[in-house]
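Contents: one structure, followed by commentary.
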Amino acid sequence: ARAQTPASAGPMQAKRATVRRGRAIAATRGGGRLVVAHDRLHTIAILTPKRSRTKLVDVGGQPLEVAVSPDGRLAAVTTAFWDQPGLAIVDLHTGVVRARIDVGPAPFGVAFTPRGERLIVSGGEQEGTLHVLGTRRFTVTAQAPIGLVPRGLAPAPDGKTAWVVLTGLDRLARVNLLTGRVTRTLDTPRLPDRVAVSPDGRRLLVSHGGRDAELVSEIEVASGRVRHHRAGRLPSAVAWTARGRRLVLLAGAGEIVILGRAGKRARRHVGGDPRGLAVAGERAWTVDSLTGTVRGVRI
């Protein structure tokens with residue numbers, strides 16, 4: 001790992017740790033460990049930024065998405081349908097793959113519930129499935145069809161439901177995690193991609209894809225009302241901080257945008273072609289899709 005001096009003065013402080021080509025990133029709650037999925041490789045990297053340590057772990061297929069358990073002990077990694085599709089469970093302390101689990105064809109999104117009692121996996125492409133696993137033994141407890149081309153997902157704060165993006169239907173689906181059944185749907189602008197739930201569960205932040213994408217949608221859960229934000233070029237990830245701040249990663253601009261009140265915005269430059277957005281305390285992390293450089297900025 002090496003320090004980087006920001007090119008311009010201001011509140012941003014960035015750190016960099018070089019791994020390989022990056023695809024996705026997740027962080028423990030305090031940011032003591034980061035997990036990076038590598039494009040075109042079978043490995044994830046477990047990074048400890050303060051100690052400048054990196055450990056590579058072969059997960060048995062090309063990783064797509066990663067999630068870290070709330071206690072910081074485990075990482076869940078979905079692997080691509082064209083290269084050993086499945087779900088890998090990795091011990092972050094030892095770097096050992098504890099299990100590889102069949103979660104159907106074309107797994108994609110993965111997330112732990114806030115208390116860590118369940119793990120959710122979207123996938124199936126045209127078949128559109130959701131798998132819910134108990135985290136004690138990582139066995140499937142619920143499985144159901146949910147709609148065309150599921151992508152990003154985010155559990156509600158109570159851990160009983162989750163929102164799943166259905167890119168093929170321009171829709172969000174709320175799923176009961178006990179039964180796997182869809183209990184509500186919300187229409188969105190075209191090509192929804194990633195979703196994040198506010199800390200109070202009342203609002204959703206949704207990014208949208210496309211060559212000229214600039215749009216991010218903010219949806220009130222109770223009313224279904226949609227507010228549009230022109231965030232900037234190619235929004236590729238969204239997140240909420242614990243204090244309720246809205247973050248948008250712009251892959252086309254190499255920036256993290258912080259959406260404030262009354263249209264105010266702050267920007268944090270990360271440079272390159274960033275992918276993934278992991279929030280830990282007062283810092284947000286991204287990984288560059290070309291160089292694999294991991295950058296952290298204060299938010």
_Using side chain to side chain contact (heavy atoms under 4.5 Å, CB included), reason through R174 and T185 one step at a time and then give a plain yes or no._
CA-CA 6 Å; R174 185 177 64 188; T185 60; over 6 Å; no
*asked:* With side chain to side chain contact (heavy atoms under 4.5 Å, CB included) as the criterion, how do T129 and I146 come out once you've worked through the C-alpha distance, each side chain's angles and the decisive distance to 0.1 Å?
replied: CA-CA 5 Å; T129 60; I146 55 172; 5.9 Å; no
*Should L34 and V294 be marked as a side chain to side chain contact (heavy atoms under 4.5 Å, CB included) after you check the CA-CA gap, both sets of side-chain angles, and the distance that decides it?*
CA-CA 9 Å; L34 306 174; V294 173; 3.8 Å; yes
*Could you please spell out the steps behind the side chain to side chain contact (heavy atoms under 4.5 Å, CB included) verdict for V279 and I299?*
CA-CA 9 Å; V279 178; I299 52 174; 4.1 Å; yes
*Step by step, work out the salt bridge (Lys or Arg N to Asp or Glu O under 4.0 Å) result for R243 and E282.*
CA-CA 10 Å; R243 297 181 179 181; E282 298 300 317; 3.7 Å; yes
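With hydrogens and angles ignored, the 3.5 Å screen pairs no side-chain donor or acceptor of R246 with any backbone N or O of L205. Within the 3.5 Å criterion, the main-chain N or O of V226 finds no donor-acceptor partner in the side chain of S217. With hydrogens and angles ignored, the 3.5 Å screen pairs no side-chain donor or acceptor of T183 with any backbone N or O of V175. Although no hydrogens or angles enter the test, the distance criterion places no donor-acceptor pair under 3.5 Å between the side chain of T188 and the main chain of P192. Using a distance-only test at 3.5 Å, with no hydrogens or angles considered, no donor-acceptor pair links the side chain of R171 to the main chain of V165.
No continuous path of hydrophobic side-chain contacts links V132 to L119 [ILVMFWY only; heavy atoms under 4.5 Å]. Cluster annotation: V238 and W240 are assigned to the same hydrophobic cluster (Ile/Leu/Val/Met/Phe/Trp/Tyr, side-chain heavy-atom contacts under 4.5 Å, transitive). In the hydrophobic clustering of ILVMFWY residues, with side-chain heavy atoms under 4.5 Å counting as a link, L169 and V195 come out apart. Hydrophobic clustering (side-chain heavy atoms under 4.5 Å, transitive across Ile, Leu, Val, Met, Phe, Trp, Tyr) groups V297 together with I258. The hydrophobic clustering, which links ILVMFWY residues whose side-chain heavy atoms are closer than 4.5 Å, places V164 and V182 together.
Environment of CZ in R100: crowded, with over 12 heavy atoms of neighbouring residues, nucleotides or ligands closer than 6.0 Å. Summarising the local packing, CZ of R73 is surrounded by 12 or fewer heavy atoms from other residues, nucleotides or ligands at distances under 6.0 Å. Under a cut-off of 6.0 angstrom, the local environment of CG in D200 is crowded, with over 12 non-hydrogen atoms contributed by other residues, nucleotides or ligands. The number of heavy atoms from other shown groups lying within 6.0 Å of CZ (R265) is above 12.
No side-chain N or O of Q62 forms a donor-acceptor pair with one of H42 less than 3.5 Å apart. R33 and T28 form no side-chain donor-acceptor contact under 3.5 Å, judged by distance and modelled atom types alone. For the residue pair T43 and D58, no side-chain donor N or O sits within less than 3.5 Å of a side-chain acceptor on the partner.
Ionic pairing of E255 and R267 is present here: one or more N-O contacts between side-chain nitrogen and carboxylate oxygen are shorter than 4.0 angstrom. Between D288 and R295 there is a salt bridge, since at least one side-chain N of the basic residue sits less than 4.0 Å from a carboxylate O of the acidic one. Ionic pairing of R203 and E218 is present here: one or more N-O contacts between side-chain nitrogen and carboxylate oxygen are shorter than 4.0 angstrom. Classification of R190 and D170 as a salt-bridged pair fails, no side-chain N sitting under 4.0 Å from a carboxylate O.
For the pair G152 and R194, the tightest heavy-atom approach, listed with the atom from each and the gap, is CA-CD, 4.1 Å. Across all their heavy atoms, R115 and P70 have their closest contact at C-CG, 4.0 Å. Contact between L178 and A142 at its shortest, heavy atoms only, is O-CB, 3.9 Å. Residue V110 comes nearest to V121 through the heavy atom pair CG2-CG2, 4.1 Å, listed as atom of the first residue, atom of the second, then distance. The two residues A196 and A154 have their closest heavy-atom pair at CA-CB, 4.2 Å. Nearest heavy atoms, P157 versus V197: CD-CG1, 4.0 Å.
By the 4.5 Å heavy-atom criterion applied to side chains, L177 and T113 are counted as neighbours. Looking at H131 and L133, their side chains come closer than 4.5 Å, going by heavy atoms from C-beta outward. Counting heavy atoms from C-beta on, the side chains of V221 and L204 come closer than 4.5 Å. Side-chain contact between H38 and R21 is absent, with no heavy-atom pair separated by less than 4.5 Å. Using a 4.5 Å cut-off on side-chain heavy atoms (C-beta onward), V149 and L166 make no contact. Residues R23 and L64 meet the side-chain proximity criterion, which asks for heavy atoms closer than 4.5 Å. Side-chain contact check for R98 versus L74: some heavy-atom pair is nearer than 4.5 Å. The shortest distance between side-chain heavy atoms of T135 and F112 falls below 4.5 Å.
Tested against V68 for a side chain to side chain contact (heavy atoms under 4.5 Å, CB included), the candidates I25, V35, I46, V90 yield a single pass: V35.
The structure places CZ of R227 at 8.0 Å from CG of L259, a figure rounded to the nearest 0.5 Å.
Judged by a 6.0 Å distance limit and a 45° cone about the ring axis, R151 is positioned over the six-membered ring of F108.
Partners of P274 under the side chain to side chain contact (heavy atoms under 4.5 Å, CB included) rule, at least two apart in sequence or in another chain, are L249, V270, T286.
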